[in-house]
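Report on the structure given below.
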Amino acid sequence: MNETAFSTDPQLAARHRWGRMFEWACAIATWLCLLILATMLLGVFIKGWPHLNWGFLTHFDSQIEPETAGIKAGLWGSFWLIVLTALFAIPVGIGAAVYLEEYAKANWVTRLIQLNILNLAGVPSVVYGILGVTVFGHMFGLFGDWPREPVWHLPFGDKVLTGALTLSLLILPVVIISTQEALRSIPASLRHSSLALGATQWQTIRYQVLPASLPGILTGIILALSRAVGESAPLIMIGALTYVSSTPGNIGSVTDFFTKPQGIVEAPFDRFTAMPLVIYNWASQPDEIYQSLSAAGIVVLLLVLLLMNTTAVIIRQRFQNWIRW
Amino acid sequence: MSNTPDSESRATGARLTSATLSPAERPSLQKRWSLTTLKEQCIRLVLFCCALLSVATTAGIILVLFSETLLFFSQVSVLSFFGDTVWQPQSQDNPRFGIWPLACGTFLVAGIAGLIGMPLGLLSALYLSEYASERSRSYLKPTLEVLAGIPSIVYGYFALVFLTPYVLQPIFMNALGFEVGGFNVLSAGIVVGIMIVPTISSLSEDVLRSVPRGLREAGLALGSTKFDVSVRIVLPAALSGIMAAFLLALSRAVGETMAVTIAAGSQPDLSLNVLRSIETMTAYIVMVSLGEAAAGSIEYRSLYVVAMSLFLITLVMNIIARFILRRYRNVYQ
């Protein structure tokens with residue numbers, strides 16, 4: 001700091017000293033957070049290293065031989081959960097955001113919906129779990145008992161579908177808010193020129209606004225879905241199992257999609273576990289080997305999240321160069 | 001389009017009024033019904049229903065929680081719920097439902113999280129907005145956001161397997177001689193505190209950056225040091241926004257579930273000892289869900305009551321925070 005060179009006043013020098021110390025404190029606080037992040041990731045990676053091999057991905061959990069236990073059931077459970085969650089949450093989320101940004105008039109209904117979405121984003125995930133188990137799991141008890149076997153009837157019980165519907169409600173506010181932001185970033189001139197050429201409002205949205213805001217929307221959706229991947233509390237609430245040795249619809253590899261097509265239909269109605277649940281189950285066992293398995297599971301989970309986030313970043317950068325206003 | 005006025009009236013286009021045209025030829029601005037407008041209306045309706053689903057979700061949450069809460073309070077008096085200091089719903093002969101042990105656990109964890117997260121978050125927000133160069137900010141900010149993207153179960157695992165045995169137990173047990181349990185409130189509070197840092201820092205940073213540049217320049221022109229400008233001018237100007245960020249972050253800490261369940265255990269206890277196991281509201285909900293409580297039993301209903309309390313607490317915190325944030329925006333924008 002060159003100001004100190006001019007200051008002969010000891011009081012001013014002291015103030016500058018204070019200033020520098022404060023700047024250091026701020027910098028240390030920031031770097032401390034990053035250091036903790038690094039420690040956490042490194043520690044988990046080292047702890048899980050002995051189990052990180054291909055077999056970990058292709059084996060089921062095992063209580064008899066924990067050495068060979070793997071996360072296959074959780075991996076496929078999470079896969080189905082995310083696919084179904086995306087299927088429900090994306091159309092509804094984009095639809096709601098388009099309505100609020102493009103159609104809604106500034107009246108009390110719109111304000112109510114908007115405020116409501118903001119508040120929903122702050123509701124704890126266990127509360128969504130309670131909603132899910134009551135509405136989708138039991139269906140208020142209107143359709144008889146909780147089913148234990150794979151079902152084709154109501155209520156859905158503790159099946160993949162219940163989990164996916166619950167997670168959809170959970171991430172819906174996030175999807176709506178991020179989509180709204182993406183739509184807001186589209187200049188009004190684009191809409192005006194489309195409308196001026198005689199396009200209807202929906203044609204304008206469908207052919208101009210949505211394609212232009214797609215990168216922003218996709219980024220938001222991927223980030224919301226990656227929140228759903230790591231979510232475990234609502235799944236425990238709906239009664240998802242922590243120990244399963246089968247995959248939904250018995251689809252355990254990519255080729256099974258072609259050899260067992262009926263599994264694709266059965267999977268949403270099958271029992272399931274998810275990666276965070278398997279990790280939780282292992283973490284709550286006292287044995288050392290389970291701690292290490294748990295760490296390996298976390299590494300896989302984080303890799304999946306990393307993959308999703310990298311996709312989001314790539315999409316954003318690709319399209320940023322593509323569209324210029 | 002079909003009602004194109006004839007050439008004569010086009011020449012006097014400036015005075016093309018209803019007086020010069022017969023009612024039939026008048027170009028109508030009224031909407032006509034056609035297949036296209038019908039389709040437009042249908043799409044609008046469908047989109048409106050999508051938006052309405054969020055209201056339905058809230059209504060569903062309130063309905064579900066409220067109805068079961070009413071049933072619960074028909075069996076347990078409100079007075080004992082708020083007056084009793086023991087929470088033992090599993091007990092066969094003497095089940096007691098005093099919310100305070102669970103509330104104590106929740107607020108203890110949120111309190112420690114606040115003590116850790118608020119200074120860290122605020123200082124890093126100040127660093128990012130006032131001190132860091134644009135270059136270092138461009139990578140520090142996204143890296144801090146990573147902390148928010150890590151699943152809470154990972155934080156719980158970190159607290160249980162690393163923080164407690166390698167940090168807390170050596171310090172408090174070996175050096176200071178306190179009893180430290182494998183499950184303890186402190187480790188849970190610390191990791192939740194780290195978890196809420198990105199919430200605080202990114203919200204506060206937005207608030208700090210929206211303080212008008214003129215205020216900073218005026219301070220510097222009067223001979224203030226950068227420290228004086230940051231702490232005595234920018235920070236007070238942004239104070240209400242920062243309070244809102246704190247509130248939002250604390251409501252996240254109150255609703256935090258898995259990290260707390262793993263790290264703090266499940267021992268409902270009305271005590272302020274942070275080195276022992278305790279049960280929070282969220283952890284209780286998870287624990288009952290993992291067990292085999294029959295639907296309709298009093299233990300199962302207690303789940304809804306606890307969830308209702310949790311919902312109300314976080315809702316109030318969120319609403320206050322949004323209110324403050326909106327007022328803050330009105331001041332500077």
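Order of the sequence lines sets the chain letters (A, B, ...), proteins ahead of strands, with each chain counted from 1. Here the structure is a predicted model, which is why all the values come from computation and not from measurement. Atoms considered below: every heavy atom in the structure, side chains included; atoms not considered: hydrogens, waters and symmetry mates.
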Please state whether the side chain, the backbone, both or neither of [X] comes within less than 4.5 Å of a heavy atom of chain A.
| X | answer |
| --- | --- |
| B:Ile194 | side chain |
| B:Met287 | side chain |
| B:Tyr300 | side chain |
| B:Val154 | both |
| B:Arg252 | neither |
| B:Ser67 | neither |
| B:Leu120 | both |
| B:Val286 | both |
| B:Ile285 | both |
| B:Leu163 | neither |

Show every side chain to side chain donor-acceptor pair (under 3.5 Å) that has at least one partner inside residues 289-310 of chain A, sequence neighbours left out.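 Applying side chain to side chain donor-acceptor pair (under 3.5 Å) to every pair that reaches into residues 289-310 of chain A, excluding sequence neighbours, yields A:His51-A:Ser292.
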Measure the [atom1]-[atom2] distance between [X] and [Y] for me, rounded to the nearest 0.5 Å.
| X | Y | atom1 | atom2 | answer |
| --- | --- | --- | --- | --- |
| B:Asp228 | A:Arg15 | CG | CZ | 4.5 Å |
| A:Met275 | B:Ile153 | CE | CD1 | 11.0 Å |
| A:Ile236 | B:Thr261 | CD1 | OG1 | 7.0 Å |
| B:Ser136 | A:Trp31 | OG | CH2 | 7.5 Å |
| A:Glu23 | B:Thr225 | CD | OG1 | 11.0 Å |
| A:Thr30 | B:Arg137 | OG1 | CZ | 12.0 Å |

Should the pair B:Phe227 and A:Phe22 be assigned to parallel (<30°), tilted (30 to 60°) or perpendicular (>60°) ring geometry?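 The arrangement is perpendicular - the two ring planes meet at more than 60°.
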Given that the side chain runs from C-beta out, which part of A:Leu118 has a heavy atom under 4.5 Å from chain B: side chain, backbone, both or neither?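 For A:Leu118, heavy atoms of backbone and side chain both lie under 4.5 Å from chain B.
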Using a heavy-atom distance cut-off of less than 4.5 Å, which residues of residues 297-307 of chain A contact chain B?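 At a heavy-atom separation under 4.5 Å, chain B is reached by A:Ile298, A:Leu301, A:Leu302, A:Leu305.
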With chain A as the partner chain, list the residues of residues 304-318 of chain B whose heavy atoms fall under 4.5 Å from it, by residue number, and write 'none' if nothing qualifies.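 When heavy atoms of chain A are the reference, residues 304-318 of chain B contributes B:Tyr304, B:Ala307, B:Leu310, B:Phe311, B:Thr314, B:Leu315, B:Asn318 within the under-4.5 Å range.
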Test log, rule side chain to side chain contact (heavy atoms under 4.5 Å, CB included), inputs A:Thr39 and B:Phe162: CA-CA 10 Å; A:Thr39 318; B:Phe162 293 94; over 6 Å; no
Just wondering, do A:Leu37 and B:Thr143 contact through their side chains at under 4.5 Å, heavy atoms?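 Touching, per the 4.5 Å side-chain cut-off.
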Ignoring hydrogens, what is the shortest heavy-atom contact between A:Gly19 and B:Tyr131? Give both atom names and the distance.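 For A:Gly19 versus B:Tyr131, the nearest heavy atoms are O-OH, 4.4 Å.
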Show me, pair by pair, the donor-acceptor contacts under 3.5 angstrom made by side chains of residues 47-56 of chain B, not counting sequence neighbours?
residue: B:Ser54; atom: OG; partner: A:Asn116; partner atom: ND2; Å: 3.3
residue: B:Ser54; atom: OG; partner: B:Ala51; partner atom: O; Å: 3.0

